[in-house]
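Report on the following structure.
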Amino acid sequence: MSPLHTSRRAFTSVVDGHVLPKVIQVGPNVYGAAFHLMKLLPAQFILTSAIETGELTPGTTVVETTSGTFGLGLAMVCRLKGIPLVLVGDPAIEPPLRRRLEALGARVSIVSGPALHARGVQQARLDRVARIQARLGSYFTPGQYDNPLNPVSYGAVAELLLESMGTFDALVCPVGSGGSSSGIGSYLRALNPRMKLIGVDTPGSVLFGAPAGSRQLRGLGNGLVPPVLEHTLFDEVHWLDASVAFRATRRLHAEHCLYMGPTSGAAHHVAEWYARRNPDLRVVALFPDEGHRYTNTVHNDVWLRRNGHLTAPWPDGPRTLDHPAEVAGDWSRFAWNRRTREDVVALMEGVSA
C-alpha cells in the first residue's frame, strides 16, 4: 500500500479535529469563528481532491509559495500522507516557524535580497517556484491564489456558521488570498442576499486598489491580486496598519481570553466597531489562526515597545475615503458596494463605471 493511503487513518484522527473553527460570542452582538489554523482547511481539501483525481500520485512532490500558514497546513497534511513537500517563502517566515516546517519534513526555500525588491515578494516567490518545478520530474502545485478549490473548501465553514447561528447580518473577513472571504461569503450570500461582507486589508496591499507599498502586517493583504478573490461580494473594505492590529490582538486576548494572531485582532477590531454602530445586527468575524507564532512579537510588550507600536495614538474610528487610492494612516474605510475592482479603479481615473 502506498504512503498516500497508509497515512489516511492518521490524518482523519489527528488533523480533522483542527480544521473547523469554534464559534464564540465576543460581545453583545459580535461572534468570532476562531480557527486553530484556518488554512489547514484548503490544504486538506486541495490535496485530498488531487489524490482522488489522480493529479497527485506516489512520488510526486508538492511545491507551493507561502508566507507561513498555508505552508504549515500543507506540511501537516503532507507529513501524515507521506508526500514530499517544497515550500517557497520569504523572510516573513520566522526561524521558529521554519524549524517547525522542516521538522514536519518540508524543504523550505527562502527568497531574499535583490529579487524581493525587483519583482515584489509574491512574484519573486512565484518565480522561485517555477524554477523548482522545472527541476522536478513530477510535481503538484496547490496554487492557493488561483485554484478554485481554495474558496470551495470553505463551504464547510459556512455550513457550520449557519448551524451555530442561523442567519446573521454581517461577516467580517481578513483578506489575503481571498479564499476564505470569497468562499464563505458567496455561500452565505446565496442564502441571504442582504448579508453584508466586510473585508479587512492593510496599507501597502493592492487587493482593493490601494497603492502598493511595504507591509508590516503579514498574513493580511497581498502584493498581487489573486484570481480567487471575488471583489463583487464586498460591501465595505477597511485598511488597518500594523500598530492598530497588534494592539487589537492584545485586547482580544486580554478581554476575551482568545490568544490569536494579528489578522484575527484586525478582524475583531473592525467587527466590534461595526457592531457598535449597528447594535440591532449580529456580526461574525473570522479569526484565522492562534497566536503561538507571535509569542515573541505581537504578544510581547518589549517587542511592541521597541518597534514603536505601544506609543502610536489609538484611533477613534476609521477615516472614510472617496477612493482606495487615498489609503493612508492607521485606519481607513471605503464603501465598496459590491463592485468589481476595475470599476472602483476607474472611478479615480474619471471613467464612468
Could you tell me whether a side-chain N or O of Arg247 sits under 3.5 Å from a main-chain N or O of Ala312, the two making a donor and an acceptor? yes
Check this for me, if you would: do Glu272 and Arg251 make a salt bridge, where the nitrogen-to-carboxylate-oxygen distance has to be below 4.0 angstrom? yes
Looking at every non-hydrogen atom in both residues, tell me the closest pair between Pro262 and Leu217 and how far apart they are. CB-CD1, 3.7 Å
Asn307 vs Ser243, test: side-chain contact (heavy atoms from CB on, under 4.5 Å). Steps then yes/no. CA-CA 9 Å; Asn307 288 276; Ser243 291; over 6 Å; no
Going only through I, L, V, M, F, W and Y residues with side-chain contacts under 4.5 Å, is there a path from Val157 to Leu191? yes
Is it true that Asp301 and Arg250 have a side-chain N and a carboxylate O under 4.0 angstrom from each other? yes
Would His238 and Phe334 count as a side-chain contact (heavy atoms from CB on, under 4.5 Å) if you check the C-alpha gap in whole Å, the side-chain angles of each, and the deciding distance to 0.1 Å? CA-CA 7 Å; His238 289 243; Phe334 175 72; over 6 Å; no
Verify the cluster assignment for Phe35 and Val152: are they in a single hydrophobic cluster under the rule of side-chain heavy atoms below 4.5 Å apart? yes
Please say whether more than 12 non-hydrogen atoms of neighbouring residues, nucleotides or ligands are located less than 6.0 Å from CG in Asn296. no
Nearest-0.5 Å distance that lies between atom CZ in Phe208 and atom OG in Ser205: 8.0 Å
Provide the full list of side chain to side chain donor-acceptor pair (under 3.5 Å) pairs with a residue in residues 144-160, sequence neighbours left out, each pair given once. Lys39-Gln144, Arg125-Tyr145, Asn150-Ser177, Glu159-Tyr187
Minimum side-chain heavy-atom gap Thr249-Leu252 below 4.5 Å: no
Run the salt bridge (charged side-chain N to carboxylate O under 4.0 Å, His left out) test on Asp90 and Arg218 for me, step by step, so that the C-alpha distance in whole Å, both residues' side-chain angles and the decisive distance to 0.1 Å come before the verdict. CA-CA 11 Å; Asp90 59 72; Arg218 302 306 297 270; 3.5 Å; yes
Is Val200 close to Val175 at the side-chain level, that is, under 4.5 Å between some pair of heavy atoms? no
How far does CZ of Arg100 sit from CD1 of Ile93, to the nearest 0.5 angstrom? 13.0 Å
Scanning both residues in full, the closest heavy-atom pair of Val30 with Ala275 reads CG2-CB, 3.3 Å
Closer than 3.5 angstrom, by distance alone: can the side chain of Asp169 be matched with the main-chain N or O of Met195 as a donor-acceptor pair? no
What closest approach, in Å, do Pro174 and Leu286 show between heavy atoms, and which atom pair accounts for it? CD-O, 3.6 Å
Test item: Ser164 side-chain N/O and Leu161 main-chain N/O as donor-acceptor pair under 3.5 Å: no
CA sep, side-chain torsions, deciding dist, call: Leu207, Leu229, side-chain contact (heavy atoms from CB on, under 4.5 Å): CA-CA 9 Å; Leu207 288 175; Leu229 176 57; 3.8 Å; yes
What's the spacing between Ser109 OG and Ile132 CD1 if we round to 0.5 Å? 4.5 Å
Any chance you could lay out the side-chain contact (heavy atoms from CB on, under 4.5 Å) test for Val172 and Val284, step after step, and finish with the verdict? CA-CA 6 Å; Val172 179; Val284 175; over 6 Å; no
For Thr295 and Asn300, the nearest pair of non-hydrogen atoms, with its separation, is O-CB, 3.6 Å
Is it the case that one hydrophobic cluster holds both Val62 and Leu37, taking links as side-chain heavy atoms less than 4.5 Å apart, direct or via other members? yes
Is the closest side-chain heavy-atom distance between Thr263 and Met38 below 4.5 Å? no
Is there any salt bridge (charged side-chain N to carboxylate O under 4.0 Å, His left out) pair reaching into residues 304-329, and which pairs are they, with sequence neighbours excluded? none
Any side-chain heavy-atom pair of Ser332 and Pro318 under 4.5 Å: no
So does Gly179 get a backbone contact from the side chain of Ser182, meaning a donor-acceptor N/O pair under 3.5 Å? no
Could you please spell out the steps behind the ring-ring contact (aromatic ring centres under 6.0 Å, His included) verdict for Trp239 and His269? CA-CA 11 Å; Trp239 291 264; His269 187 71; over 10 Å; no
In Å and rounded to the nearest 0.5 Å, what is the OG1 to CD distance from Thr141 to Glu64? 6.5 Å
Backbone N or O of Val26 within a donor-acceptor pair of the His256 side chain at under 3.5 Å? yes
Do Glu230 and Thr232 have side-chain atoms, one donor and one acceptor, less than 3.5 Å apart? yes
Asn278 side chain to Tyr274 backbone, donor-acceptor under 3.5 Å: yes
So how far is it from Leu310 CG to Trp303 CH2, rounded to the nearest 0.5 Å? 10.0 Å
Over all atoms of both residues, closest heavy-atom pair of Leu20 and Ala156: CD2-CB, 3.9 Å
Cluster link Leu41 to Ile83, ILVMFWY, side chain under 4.5 Å: yes
Mutual orientation of the aromatic rings belonging to His292 and Tyr259 [parallel < 30°, tilted 30-60°, perpendicular > 60°]: tilted
Path from Ile184 to Val23 over hydrophobic side-chain contacts below 4.5 Å: yes
Is any side-chain heavy atom of Ile51 closer than 4.5 Å to one of Lys81? yes
Tell me, do Lys196 and Phe234 make a side-chain contact under 4.5 Å, heavy atoms counted? no
Yes or no on salt bridge (charged side-chain N to carboxylate O under 4.0 Å, His left out) for Asp235 and Arg189, after CA distance, side-chain angles and deciding distance? CA-CA 11 Å; Asp235 295 279; Arg189 180 67 57 68; 3.1 Å; yes
Does any non-hydrogen side-chain atom of Asp343 lie less than 4.5 Å from one of Thr340? yes
Can you measure from OG1 (Thr202) to CG (Asn222) and round to the nearest 0.5 angstrom? 12.0 Å
Run the salt bridge (charged side-chain N to carboxylate O under 4.0 Å, His left out) test on Glu236 and Arg333 for me, step by step, so that the C-alpha distance in whole Å, both residues' side-chain angles and the decisive distance to 0.1 Å come before the verdict. CA-CA 7 Å; Glu236 190 170 314; Arg333 67 182 281 267; 3.2 Å; yes
Taking every non-hydrogen atom, the tightest pair across Leu40 and Gly73: CD1-O, 3.7 Å
Take atom CZ in Arg107; do more than 12 heavy atoms of anything else shown fall under 6.0 Å from it? no
Report yes if some heavy atom in the side chain of Pro42 is under 4.5 Å from a heavy atom in the side chain of Leu149; otherwise report no. no
Please report the C-alpha distance between His309 and Phe246 in whole Å, then the side-chain angles of each, then the deciding distance to 0.1 Å, and finally whether the ring-ring contact (aromatic ring centres under 6.0 Å, His included) criterion is met. CA-CA 8 Å; His309 297 301; Phe246 292 164; 4.9 Å; yes
Is Arg215 reaching over with its side chain to a backbone N or O of Leu220, donor-acceptor style, under 3.5 angstrom? yes
Within the side chain of Thr60, is there an N or O that forms a donor-acceptor pair under 3.5 Å with the backbone of Leu56? no
Should the pair Arg98-Glu94 be classified as a salt bridge under the 4.0 Å nitrogen-to-oxygen rule? no
In this structure, is the centre-to-centre distance between the rings of His323 and Trp336 below 6.0 Å? no
